[in-house]
2 protein chains.
Amino acid sequence: MKFEPVTIKQMARDLNLGISTVSRALHDSHEISEETKKRVVAYAKKLNYIPNPIALSLREKRNKSIGIVISQFNNPFCSQVVHGMESSFYSQGYQVSIVQTDESAEKEMKAIQYLSFRVDGLLVSISSETKNIDHLKDLYEKGMPIVFYDRICADLQTHMTISDNYRGAYEATRHLLDQGCRRVAFVGGAVTQSIVQERKAGYLQALEDGGINVDPKWIHYLPKGGVHYVETEVAMDRLMRLPKNKRPDGLLTAWDKVTADAYRYLRRHDISMPGELALIGFSNFPLTDFVSPSLSVVQQQSEKLGEVAAGQLLSLLQSKRKPAKFHTEVLMPEIIIRESSSKLSSGEKEPLKVKNKD
Amino acid sequence: MKFEPVTIKQMARDLNLGISTVSRALHDSHEISEETKKRVVAYAKKLNYIPNPIALSLREKRNKSIGIVISQFNNPFCSQVVHGMESSFYSQGYQVSIVQTDESAEKEMKAIQYLSFRVDGLLVSISSETKNIDHLKDLYEKGMPIVFYDRICADLQTHMTISDNYRGAYEATRHLLDQGCRRVAFVGGAVTQSIVQERKAGYLQALEDGGINVDPKWIHYLPKGGVHYVETEVAMDRLMRLPKNKRPDGLLTAWDKVTADAYRYLRRHDISMPGELALIGFSNFPLTDFVSPSLSVVQQQSEKLGEVAAGQLLSLLQSKRKPAKFHTEVLMPEIIIRESSSKLSSGEKEPLKVKNKD
DNA sequence: TTGTACGCGTTATCAA
DNA sequence: TTGATAACGCGTACAA
């Protein structure tokens with residue numbers, strides 16, 4: 001089966017008219033007789049004629065659409081971000097087309113190449129496997145408006161919107177210390193990801209400020225970024241099998257999926273939270289308030305992040321040339337303290353919210 | 001800013017060659033001298049030349065990509081389905097482009113129109129607001145391969161892949177009756193959705209088979225399909241404010257978001273599960289096993305559903321003409337019984353699984 | 001071995 | 001008021 005759309009040429013033949021006459025009729029030109037105009041419009045409607053946007057693209061070099069490159073929407077944070085982006089573009093008449101990379105560098109390259117000729121701008125969150133972004137750089141130098149969100153890439157100077165990962169991790173780690181934890185572990189996603197590095201930096205600084213000497217055994221990255229449960233499982237096994245005096249009593253997980261899987265691991269192995277291990281993690285999952293024990297999280301402003309990034313892209317789309325200056329917008333995540341990390345008063349209580357300053 | 005790609009014409013000018021010579025060189029034609037071939041290839045590589053797929057589309061009337069129309073990936077079921085679809089297409093060299101409709105009929109129409117000229121086939125799950133599918137029918141009649149998944153539309157005869165919603169709801173309702181419930185309520189999504197209707201039919205049949213007279217007050221649809229918490233809240237309020245002898249003691253929720261929101265409602269209002277109300281609902285949310293009380297669910301085979309639908313579309317893409325016969329693939333959901341619906345032995349216990357037969 | 005011309009579907013320009 | 005023609009980028013049949 002193949003789609004065979006109605007064309008102007010076809011209609012012109014059917015109506016015994018010139019191609020351009022038909023075109024003009026459909027564009028409501030004045031320089032055409034009322035009669036033929038009506039005849040053409042009626043026929044086009046009958047055949048459900050739609051101008052071929054591919055042909056228009058070729059001519060006008062404009063697609064009226066933008067592309068979003070996402071790692072996996074099988075991640076509430078990502079889907080929330082996309083939702084924030086879409087509303088902005090929709091109101092401006094842009095179509096939004098989304099492509100998943102599944103954390104694969106190869107898929108990412110293909111996805112970007114695919115989108116590049118079909119959209120007017122790109123919102124990109126780099127995959128965790130990606131090392132080489134020459135293809136993106138090249139695209140950018142040829143004039144493609146590109147905005148990074150969430151996971152940035154310092155090699156390419158353009159607008160970006162990110163969370164304050166450093167501070168989110170810093171405050172979360174500090175909270176664990178305040179609760180009496182002295183051996184705080186860190187399980188990140190992929191070592192290559194900007195967000196994981198920023199979060200680790202915040203974690204390390206909080207430990208240093210708290211006068212804690214970090215044991216390198218407390219720090220784990222996950223080879224494939226933590227997409228599968230087993231990765232987190234291996235890291236958790238290593239942590240929990242440390243001799244008792246080295247075993248962590250607190251844990252910061254630095255990626256949504258890892259947080260959920262660490263929680264799953266602890267419940268499966270009957271390791272009590274926060275008694276044996278206090279847990280707080282980056283997560284935008286729903287239902288974290290109803291699991292038992294309820295889960296403390298560092299929650300990003302996902303929708304807002306999407307909106308801000310969308311705004312940046314729209315401004316690039318409208319500007320005549322590459323702007324001289326680029327902005328990096330930073331959003332503060334919310335720290336929501338719940339049972340899984342509350343060692344001091346471990347009974348039920350209202351969750352304490354560290355609200356954003358802005 | 002605007003993307004200005006390198007073209008063959010540009011390179012031909014730069015190298016003082018004819019356009020077709022450049023084209024041939026890049027296609028490794030024999031009828032060309034080694035020297036010019038090398039020269040062209042080297043230059044193209046230097047400029048990172050990529051053939052314009054838009055121009056190729058126009059010429060070859062083939063896009064090597066397929067489109068997925070989804071309501072909202074802010075729904076684990078949907079993202080799982082998409083994941084299942086993608087792997088099939090990726091291995092066949094198709095790019096996958098995804099568009100969200102947000103349950104809006106207008107967005108759906110625009111999305112489909114947008115995709116129709118840019119992809120070779122369409123996987124569609126109809127939005128809950130959609131009443132008129134003339135645009136889809138028209139597309140289909142003009143040869144566009146279309147496969148429905150999850151939410152079907154009887155008006156259009158083509159391949160479909162769905163869950164056995166009827167049986168899933170039937171078994172779930174029956175389970176509630178087995179647990180001693182006598183007044184089982186039903187909260188669905190949008191009244192227009194095929195899946196909601198199928199699920200209601202299963203629910204009604206189970207009640208009839210159990211000798212229960214249905215009170216119409218037990219049945220609620222949600223105006224916008226339940227995308228927002230308030231919709232479920234209103235329905236739950238109505239149910240729980242019924243006089244005690246009419247108030248439901250069991251509840252089947254017929255859509256993922258509604259299930260999560262009903263659970264949220266019951267926890268917020270301190271209505272005990274399963275004591276005051278036994279709850280089971282359609283849901284593919286993660287973490288339902290760790291909420292407290294753990295949540296009984298009817299869980300669809302989401303990835304599988306995506307794979308099967310993808311297979312159907314691939315077969316349409318390969319077939320010469322419209323097939324004479326269309327298949328509807330039906331997948332049995334899993335019923336996972338947990339605490340929220342276990343009235344008989346309300347202590348901790350191994351979740352009982354009703355496994356699929358196939 | 002290379003260059004020219006055509007067609008894919010459109011719109012804009014020019015000529016009739 | 002209408003119709004033929006060029007252009008967008010590409011590949012290919014044909015001519016040189």
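Note that the structure is predicted; figures quoted are calculated from it, not measured. Naming convention: chains lettered A, B, ... in sequence-line order (proteins, then strands); numbering from 1 in each chain.
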- May I ask you to list the residues of residues 47-66 of chain B, by number, that have any heavy atom positioned under 4.0 Å from an atom of DNA chain C?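 Correct list: B:L58, B:R59, B:K61.
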So, using side-chain hydrogen bond (donor to acceptor under 3.5 Å, both in side chains) as the criterion, who are the partners of A:T158 when residues are at least two apart?
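Partners of A:T158 under the side-chain hydrogen bond (donor to acceptor under 3.5 Å, both in side chains) test: none.
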Checklist entry - What residues form a side-chain hydrogen bond (donor to acceptor under 3.5 Å, both in side chains) with A:Y114, not counting sequence neighbours? => result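 Scan of A:Y114 (side-chain hydrogen bond (donor to acceptor under 3.5 Å, both in side chains), adjacent residues dropped) gives B:S65.
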Taking atom [atom1] of [X] and atom [atom2] of [Y], what is their separation to the nearest 0.5 Å?
X: B:F117; Y: B:L58; atom1: CZ; atom2: CG; result: 11.0 Å
X: A:I133; Y: A:Y140; atom1: CD1; atom2: OH; result: 11.0 Å
X: B:M85; Y: B:I70; atom1: CE; atom2: CD1; result: 7.5 Å
X: A:N63; Y: A:S57; atom1: CG; atom2: OG; result: 3.5 Å
X: B:S71; Y: B:D150; atom1: OG; atom2: CG; result: 7.5 Å
X: A:Y43; Y: A:Q10; atom1: OH; atom2: CD; result: 6.5 Å

Name the pairs: protein N/O against N/O of nucleotides 2-5 of chain C, kept only if under 3.5 Å.
residue	atom	partner	partner atom	Å
C:dT2	OP2	B:S33	N	3.3
C:dT2	OP2	B:S33	OG	3.3
C:dT2	OP2	B:T36	OG1	2.8
C:dG3	OP2	B:G18	N	2.6
C:dG3	OP2	B:T21	OG1	2.5
C:dG3	N7	B:S20	OG	2.9
C:dG3	N7	B:R24	NH2	2.7
C:dG3	O6	B:R24	NH1	2.8
C:dG3	O6	B:R24	NH2	2.9
C:dT4	O4	B:S20	OG	2.8

OP1 or OP2 of C:dT11 sitting under 4.0 Å from any side-chain N/O of A:S23?
->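 Yes, A:S23 has a side-chain N/O under 4.0 Å of OP1/OP2 on C:dT11.
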| request: Under 4.0 Å between any heavy atoms, over every strand shown, what does B:T7 touch: base, sugar-phosphate, or nothing? Just pick one. | output: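 Sugar-phosphate: the residue B:T7, judged by heavy atoms under 4.0 Å, touches backbone atoms but no base.
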**Asked** Under 6.0 Å from the six-membered ring centre of A:F89 and within 45° of its axis: does the NZ or CZ of A:K64 meet both?
**Response**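 Relative to the ring axis of A:F89, which defines the angle, A:K64 lies outside at least one limit.
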Handout entry: B:F3 six-ring face occupied by A:K142 cation (under 6.0 Å, within 45°)
Key =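 No, cation not above the ring by the 6.0 Å, 45° rule.
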Nearest whole angstrom, please: distance from the C1' of C:dG9 to the CZ of A:R13.
->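 Distance check: A:R13 CZ to C:dG9 C1' gives 12 Å.
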Report the distance from atom CG of A:L26 to atom C1' of C:dG9, rounded to the nearest whole Å.
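A:L26 atom CG is separated from C:dG9 atom C1' by 13 Å.
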Start and end of the DNA chain D segment that chain B contacts, any atom under 4.0 Å from a heavy atom: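 With heavy atoms of chain B under 4.0 Å away, the range is D:dC8 to D:dC14.
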Do A:Q72 and A:E103 meet the criterion of a side-chain donor-acceptor pair at a distance under 3.5 Å?
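Per modelled atom types, A:Q72 and A:E103 side chains form no pair under 3.5 Å.
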Are the charged groups of B:E141 and B:K137 less than 4.0 angstrom apart, N to O?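 Looking at B:E141 and B:K137, the cut-off is not met.
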Subject >> Salt-bridge present (B:E34, B:K37; N to O < 4.0 Å) >> reply: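 Between B:K37 and B:E34 there is a salt bridge, with a charged N closer than 4.0 Å to a carboxylate O.
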Taking the axis from the first five pairs and the axis from the last five, what angle separates them in the helix from C:dT1-D:dA16 to C:dA16-D:dT1, rounded to 10 degrees?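 The end-segment axes of the helix from C:dT1-D:dA16 to C:dA16-D:dT1 are tilted 70° relative to each other.
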